[in-house]
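Notes follow the structure.
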Amino acid sequence: WFRPEEVSTVTWAGNPHKPVETGPDGERLTPRKSFEAWRETVRLRSQRWSCVEKEAAGALRLALLDVVLHHLDTVRREREKAARQQDVLLAELDHRVKNTLATIQALVSLSSRSAEDLTSFVTSFQQRLQAMARAHTRVAEARWEAVDLGRLVEDQLEALRPREEGLWAAAGPGVVVPPQIGLALGLALNELARNAQQHGSLRHPGGRIDVAWTTEGPAEAPRLTLTWRESGGPPLTPPGPAGFGRTLVERSLAQDVN
């Protein structure tokens, strides 16, 4: 492709660049010296390309152009795919942010109605917001694809009382749930845990919470059953008017879980 220099010597019948010499007879050629052999050394030249080599070079050119064009087309298609994925992600992010803001707005509105004073409102709102944050963390770790139910349950109970105290247990098969359902379950479990601490089994010494879940039915569409059982608590009484916690559980589960 880049051939090296090949020095060659060319013998001429005479020096074409020889200046005209003036002799006794004026500016005339002299037969003895005018056609003396003259040798020229040719430099900075390589061997000539043969026809076969020129055809091979032309074929290589076409092959290189084909590779370059294929690469450019691949880059273009990848950029278009990345742009489409970015649009989908932005739309999904917008949807999730709106849902989260709507949930927070509902928490603020309903918490303010049920709170007796500003202190109780701030406390209950912070606890519910933290429950949402814990559920969001699990969902984000799963890249918004599916969240492990066992870890979701344990997060909410651990925030209530440390596992080492032995006041609660969670057991069930490995189950993953969609992100939106995971967020709704996180809020519901937090409400149940707070209720157990304020009014239920954990209000009395020796109280305990046991959470278990099972699945049944076909693998492609299993039915999930989650059981929240409290023991060692105060005597049960018929429920009165629905409070905010119960309303939140019913609304979140009815809207996001089916």
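We use all heavy atoms of the structure for the numbers below, so side chains are in, but hydrogens, waters and symmetry mates are not.
For the pair Ala170 and Glu154, the tightest heavy-atom approach, listed with the atom from each and the gap, is CB-CG, 4.4 Å. Across all their heavy atoms, Glu230 and Ala196 have their closest contact at OE2-CB, 3.5 Å. Annotation for Leu44 and Glu5: closest pair N-OE2, 2.7 Å, computed over non-hydrogen atoms. Across every non-hydrogen atom of Gly200 and Pro234, the tightest pair is O-CD, 3.3 Å. Between Glu158 and Trp168, the closest heavy-atom pair is OE1-CZ2, 3.4 Å. Contact between Leu152 and Gly182 at its shortest, heavy atoms only, is CD2-O, 3.3 Å.
No donor-acceptor distance shorter than 3.5 angstrom exists from the side chain of Glu165 to the backbone of Pro162, with no hydrogens or angles considered.
Using a 4.5 Å cut-off on side-chain heavy atoms (C-beta onward), Val147 and Leu185 make no contact.
By the 6.0 Å contact criterion, NE2 on His70 is open, its count of non-hydrogen atoms from other residues, nucleotides or ligands being 12 or less. Heavy-atom contacts from other residues, nucleotides or ligands closer than 6.0 Å to CZ of Arg61 number 12 or fewer. Other residues, nucleotides and ligands place more than 12 heavy atoms under 6.0 Å from the CZ atom of Arg76.
Under the rule for a side-chain contact (heavy atoms from CB on, under 4.5 Å), the partners of Ser46 that lie at least two apart in sequence or sit in another chain are Arg3.
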Practice problem: Assess whether side-chain contact (heavy atoms from CB on, under 4.5 Å) is satisfied between Val211 and Leu192, documenting all intermediate values. | Solution: CA-CA 11 Å; Val211 183; Leu192 292 173; over 6 Å; no
Quiz item: So Arg194 and Glu191, salt bridge (charged side-chain N to carboxylate O under 4.0 Å, His left out) or not? Walk me through it.
Solution: CA-CA 5 Å; Arg194 292 178 65 248; Glu191 293 300 322; 3.6 Å; yes
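Atom CG of Leu157 sits about 7.0 Å away from atom CG of Leu189, to the nearest 0.5 Å. Atom CD of residue Gln197 and atom NE2 of residue His199 lie 10.5 Å apart, to the nearest 0.5 angstrom. Separating the OG1 atom in Thr214 from the CG atom in Leu226 is a distance of 8.5 Å, to the nearest 0.5 Å. Considering CZ of Arg48 and NZ of Lys54, their distance stands at 8.0 Å, rounded to 0.5 Å.
Hydrophobic clustering of Ile, Leu, Val, Met, Phe, Trp and Tyr side chains at less than 4.5 Å, counting indirect connections, keeps Val176 apart from Val153.
Here Arg77 pairs with Asp73 in a salt bridge; the nearest charged N to carboxylate O distance falls below 4.0 Å.
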